[in-house]
**Student:** 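Quick one: structure below, then a few questions.
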Amino acid sequence: MSNTRKYSSEVVDGYERAPSRAMLYPVGFKKEDFNKPQVGIASTWSMVTPCNMHIDELAKQAEKGINNTGGKAVIFNTITISDGISMGSEGMKYSLVSREVIADSIETVVGCQGFDGVVAIGGCDKNMPGCLIGLARLNRPSIFVYGGTIKPGDNHTDVVSVFEAVGKYANNAIDALELENIEKTAIPGPGSCGGMYTANTMASAIEALGMSLPNSSSQDAISDDKNNDCFNAGSAVLNLLEKDIKPRDIMTLKAFENAITVIITLGGSTNAVLHLIAMANAADVNLTIDDFTRIGDNVPVLADLKPSGKYMMSELVEIGGTLPLMKMLLDAGMLHGDCITVTGKTLAENLKDVKPYPESQQIIKPLSDPIKNDSHLRILRGNLATEGAVAKITGKEGLIFKGKAKCFNREEDALKAILNDTIVEGDVIVIRYEGPAGGPGMREMLAPTSAVMGKGLGGKVALITDGRFSGGTHGFVVGHITPEAFKGGLLSLVEDGDEIIIDAENNSLDLVVAVETIEKRKNKWSQPKPNYSKGVLAKFAKLAKSASEGAVTG
C-alpha cells in the first residue's frame with residue numbers, strides 16, 4: 001500500500017525522520033506500522049451531551065476496521081457542545097462557532113500529523129457540518145460516520161417535548177410534577193435528538209451527498225448496525241485510499257442537489273440551508289440559497305416526522321431507514337444516480353438492490369400523495385430580507401401571516417414576554433441583533449418557539465429573527481434574515497406596532513411602513529457596540545459572512 005501513503009511517508013520515512021518515529025512508538029506504533037497508510041479517526045466523544053457520550057466506543061470500532069484492513073488508525077478528539085443544554089442562554093452563542101472550531105481542529109490535526117485518510121464520527125448538530133468542512137478542506141480520502149439517533153422517551157417524548165412542556169407549565173396546562181416527569185424521562189440514553197431535527201437532517205444530507213456509507217444516517221446510536229457501520233467505514237476508507245477518491249470528487253454540485261432533495265422530502269431543518277452552503281464553500285462548489293428554491297419547486301415533503309409530524313427517526317429506522325426513500329426518488333428521476341460515493345460506487349449502484357418500504361408503513365408518504373407538493377424550506381425576500389431569509393413552512397401553519405410587530409433585541413426578553421402573556425394572537429415577534437455578527441453566533445430560538453407552542457399560540461403568532469431555529473422548531477417562523485440588524489438591515493428599524501407580512505406562497509417578507517418613515521428611522525440609527533471584544537466570539541463576529549453565505553469564516 002505504499003502508493004496510499006502520500007502524506008504519512010513525509011512524516012515517518014527515512015533515517016532523518018527517526019525522531020518522528022520515536023515519538024510514535026510510545027502511542028502504540030510498531031515498526032511495521034510505519035509502512036502502512038495512517039488514518040486519523042476524528043472523534044467528537046465527550047460527556048457534555050448524550051448525543052456524543054458513546055462515540056468513544058464507535059471510534060474503537062472504526063479503529064478495528066482500519067487496522068484489520070492493513071492501515072494504522074490513530075484516534076484523536078475534537079470538541080462538541082450541546083445546543084439542547086445551552087439553548088436560550090448566552091452559552092448558545094457558541095453553538096455555530098463550534099462548527100468552525102471542529103472544522104479547524106480536524107484540519108489542524110490531520111494536516112500536522114500527515115494522516116493519509118480520515119474517518120470522522122459526529123453526533124450533535126454542528127459536529128456534522130464541522131467534520132465535512134474539515135474533510136473538504138483537507139481533501140484526503142475520508143468518510144463521515146453518524147453517531148446515530150436516540151430512542152424515544154416515555155410516552156413518545158423527546159427533547160422538544162421538554163421545551164414545549166415549559167410553555168404548558170407557564171400556561172397552567174400541566175403541573176410541576178408533570179413537568180418534572182417529562183424532564184426526567186424524555187431523553188433515555190445515548191444518541192442525537194430523535195426527530196427530523198438538525199442532527200438527523202444533516203446525517204441524512206451527508207449520506208445523500210455520498211460521504212457516508214449507505215444507511216449510516218438511519219441507525220440507532222446503540223445497535224449492532226451502528227457498530228458495524230463504524231467498522232465498515234474503517235475498512236472502506238482504505239478502499240478510497242487505493243482508488244484515490246477524495247471528498248471533492250464526491251461533494252459535487254449534483255451531489256449537493258441530491259442532499260437538498262432528500263432533506264426536503266424528509267421535512268428537514270432550516271439549518272441545512274446554512275450548513276450545506278458552508279460545506280459547499282469548503283469544497284469549492286457554488287451552492288446558493290436560490291438553489292434551494294430551484295430544487296424545492298419540484299420536490300415534495302413526504303415524511304411524517306417530528307417536529308411537524310408524528311414519528312421519530314428510530315421508527316423510520318425500523319422500516320428501513322432512508323435507503324428505500326432514496327431508491328424511490330432515484331426511480332422517479334429525482335436524484336442523480338451517477339454521483340460517486342464513499343463506497344467507491346455510484347449512488348445508483350448503492351441503491352440497486354434496496355427493497356421498498358413495507359406496504360403498511362405510515363411514515364413516508366408516496367410521491368402520488370405527499371404531505372406538501374413542494375418544499376417546506378422557503379427562501380423569502382422583500383424589504384426586510386433583501387439578501388434572503390429562510391422559513392420552514394409545512395402548510396399546517398397556513399401560508400400567509402400578517403400581523404403587528406413586537407420587537408426584542410435579545411432572545412431572553414422575547415421568551416419572558418411569551419411566558420408572561422405579553423404576546424397575543426396576531427403578533428409578529430421580532431428577535432434581532434442575534435445574527436452571526438450581532439449575537440454573535442446566530443443563536444437558535446427553540447426556547448421561544450417551543451414556549452409559543454406550549455402557550456397554545458401556534459399558528460396564531462409568527463416569529464422572525466436574524467438568528468436561527470433549532471431543527472425542533474415548528475410554527476410560523478422565519479430566520480436567517482439578511483442583512484442582519486447589527487449590519488444595518490431593515491430589521492433594526494422595525495418598531496412595535498409596525499405591520500409585517502410573511503408570504504410563503506410568493507416567498508416574500510415585508511415591512512409595511514412608508515419609505516419616508518424608514519428613512520427618518522435610518523438617520524437616527526447607529527450600530528450598537530459589539531457584545532464581545534475578545535475571544536472566540538469576537539473572532540467569529542469579525543470573520544463570519546452573512547447567513548445567506550453560510551456564515552462561513554474562511
Side-chain angles (χ1 to χ4, degrees), residues 81-84 86-103 124-130 133 197-199 201-202 269-279 281 289 377 379-380 384-385 387-392 408-415 429-449 463-473 477-489 491-492 509 527-528 530-532 535-554:
I81 56 88
S82 173
D83 296 351
S86 64
M87 196 75 71
S89 75
E90 190 72 4
M92 185 61 191
K93 292 181 177 180
Y94 290 90
S95 171
L96 185 56
V97 178
S98 76
R99 183 189 75 181
E100 305 302 298
V101 176
I102 291 165
C124 199
D125 298 5
K126 307 313 165 297
N127 297 173
M128 283 163 273
I133 291 168
Y197 310 147
T198 303
T201 297
M202 292 311 302
S269 167
T270 53
N271 280 315
V273 179
L274 192 77
H275 295 324
L276 286 173
I277 290 172
M279 288 157 53
N281 175 271
I289 56 173
L377 298 175
I379 306 301
L380 308 184
L384 270 173
E387 296 173 14
V390 182
K392 183 178 182 180
F408 305 92
N409 292 342
R410 57 199 296 268
E411 179 190 359
E412 290 88 343
D413 295 338
L415 178 61
I429 305 163
V430 177
I431 307 178
R432 58 193 174 194
Y433 298 107
E434 291 282 8
M442 215 178 168
R443 285 195 285 185
E444 292 179 351
M445 303 293 158
L446 183 57
T449 58
L463 191 155
I464 69 172
T465 180
D466 50 8
R468 297 181 294 132
F469 295 111
S470 161
T473 292
V477 296
V478 182
H480 306 204
I481 292 175
T482 53
E484 63 174 287
F486 186 80
K487 295 290 183 72
L491 194 68
S492 65
L509 176 64
Q527 188 179 62
N531 287 324
Y532 290 85
V536 69
L537 291 177
K539 290 178 188 176
F540 184 84
K542 289 177 182 177
L543 294 173
K545 293 184 179 179
S546 78
S548 293
E549 298 173 283
V552 296
T553 57

**Student:** Keeping the roles fixed (side chain from K487, backbone from Q527), state whether a donor-acceptor pair exists under 3.5 Å.
**Tutor:** no
**Student:** To the nearest 0.5 Å, what is the distance between CE on M128 and CE on M202?
**Tutor:** 7.5 Å
**Student:** Ignoring hydrogens, what is the shortest heavy-atom contact between T473 and M445? Give both atom names and the distance.
**Tutor:** OG1-O, 4.3 Å
**Student:** So M87 and S470, do their side chains get closer than 4.5 Å, heavy atoms only?
**Tutor:**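 Yes, close enough: below the 4.5 Å cut-off.
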**Student:** Donor-acceptor pair, distance only, cut-off 3.5 Å: does the side chain of D466 make one with the backbone of I481?
**Tutor:**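 Such a contact is absent between D466 side chain and I481 backbone.
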**Student:** Please report the C-alpha distance between E412 and R443 in whole Å, then the side-chain angles of each, then the deciding distance to 0.1 Å, and finally whether the side-chain contact (heavy atoms from CB on, under 4.5 Å) criterion is met.
**Tutor:** CA-CA 11 Å; E412 290 88 343; R443 285 195 285 185; 2.9 Å; yes
**Student:** Quick one: OG on S98 to CZ on F540, what's the gap to the nearest 0.5 Å?
**Tutor:**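 With rounding to 0.5 Å, OG (S98) is 9.5 Å from CZ (F540).
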**Student:** R432 and A485: which non-hydrogen atoms are nearest, and at how many Å?
**Tutor:**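 Nearest heavy atoms, R432 then A485: CB-CB, 3.9 Å.
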**Student:** Verify whether one side chain among T201 and S269 offers a donor that lies under 3.5 Å from an acceptor in the other.
**Tutor:**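 Checked: T201/S269 side chains show no N/O donor-acceptor pair below 3.5 Å.
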**Student:** Is it true that the side chains of H275 and R99 contain a donor and an acceptor less than 3.5 Å apart?
**Tutor:**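 Present: a donor and an acceptor within the cut-off.
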**Student:** What residues form a salt bridge (Lys or Arg N to Asp or Glu O under 4.0 Å) with K126, not counting sequence neighbours?
**Tutor:**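 For K126 the salt bridge (Lys or Arg N to Asp or Glu O under 4.0 Å) partners, ignoring immediate neighbours, are D83, E444.
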**Student:** Working to the nearest 0.5 Å, report the span between CZ of F408 and CG of L463.
**Tutor:**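 The CZ atom of F408 sits 9.5 Å away from the CG atom of L463.
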**Student:** Any donor-acceptor pair under 3.5 Å linking the side chain of N127 with the backbone of C124?
**Tutor:** yes
**Student:** So which atom in L96 and which in G441 form the shortest heavy-atom distance, rounded to 0.1 Å?
**Tutor:** CB-O, 3.5 Å
**Student:** Can you tell me if E484 uses its side chain to pair, donor with acceptor, with the backbone of G438 under 3.5 Å?
**Tutor:**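 Yes, because the side chain of E484 sits within donor-acceptor range (under 3.5 Å) of the backbone of G438.
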**Student:** For a 4.5 angstrom cut-off between non-hydrogen side-chain atoms, does E434 reach R410?
**Tutor:**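 E434 vs R410: side chains touch.
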**Student:** Can you tell me how far CD1 of I429 sits from CD1 of I464, rounded to the nearest 0.5 angstrom?
**Tutor:** 10.5 Å
**Student:** Please assess V430 against L491 for the test side-chain contact (heavy atoms from CB on, under 4.5 Å), listing each intermediate value before the final yes or no.
**Tutor:** CA-CA 8 Å; V430 177; L491 194 68; 3.8 Å; yes
**Student:** Excluding sequence neighbours, so at least two apart, what forms side chain to side chain contact (heavy atoms under 4.5 Å, CB included) with S546?
**Tutor:**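 Counting only residues at least two positions away or on another chain, S546 forms a side chain to side chain contact (heavy atoms under 4.5 Å, CB included) with E387, T482, S548, E549.
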**Student:** Identify the two heavy atoms, one from E90 and one from Y532, that lie closest to each other, and give their separation to 0.1 Å.
**Tutor:** OE2-OH, 2.7 Å
**Student:** Taking side chain as C-beta onward, heavy atoms only, is L537 less than 4.5 Å from V97?
**Tutor:** yes
**Student:** Of all heavy-atom pairs between A391 and V478, which one has the smallest distance, and what is that distance?
**Tutor:** CB-CG2, 3.9 Å
**Student:** Knowing that exactly one of V552, I133, L276 qualifies, which makes a side chain to side chain contact (heavy atoms under 4.5 Å, CB included) with N281?
**Tutor:**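 Between N281 and the candidates, side chain to side chain contact (heavy atoms under 4.5 Å, CB included) is satisfied uniquely by V552.
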**Student:** Please report the interatomic distance OG1(T198) to CZ(R468), rounded to the nearest 0.5 Å.
**Tutor:** 7.5 Å
**Student:** For E100 and T553, does a side-chain donor sit closer than 3.5 Å to a side-chain acceptor?
**Tutor:** yes
**Student:** Any chance you could measure S82, atom OG, to Y94, atom OH, to the nearest 0.5 Å?
**Tutor:** 15.5 Å
**Student:** Picking from T465, T449, T270, what satisfies side chain to side chain contact (heavy atoms under 4.5 Å, CB included) with V477?
**Tutor:**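 Between V477 and the candidates, side chain to side chain contact (heavy atoms under 4.5 Å, CB included) is satisfied uniquely by T449.
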**Student:** Shortest non-hydrogen contact from P448 to E411?
**Tutor:** CD-OE2, 3.2 Å
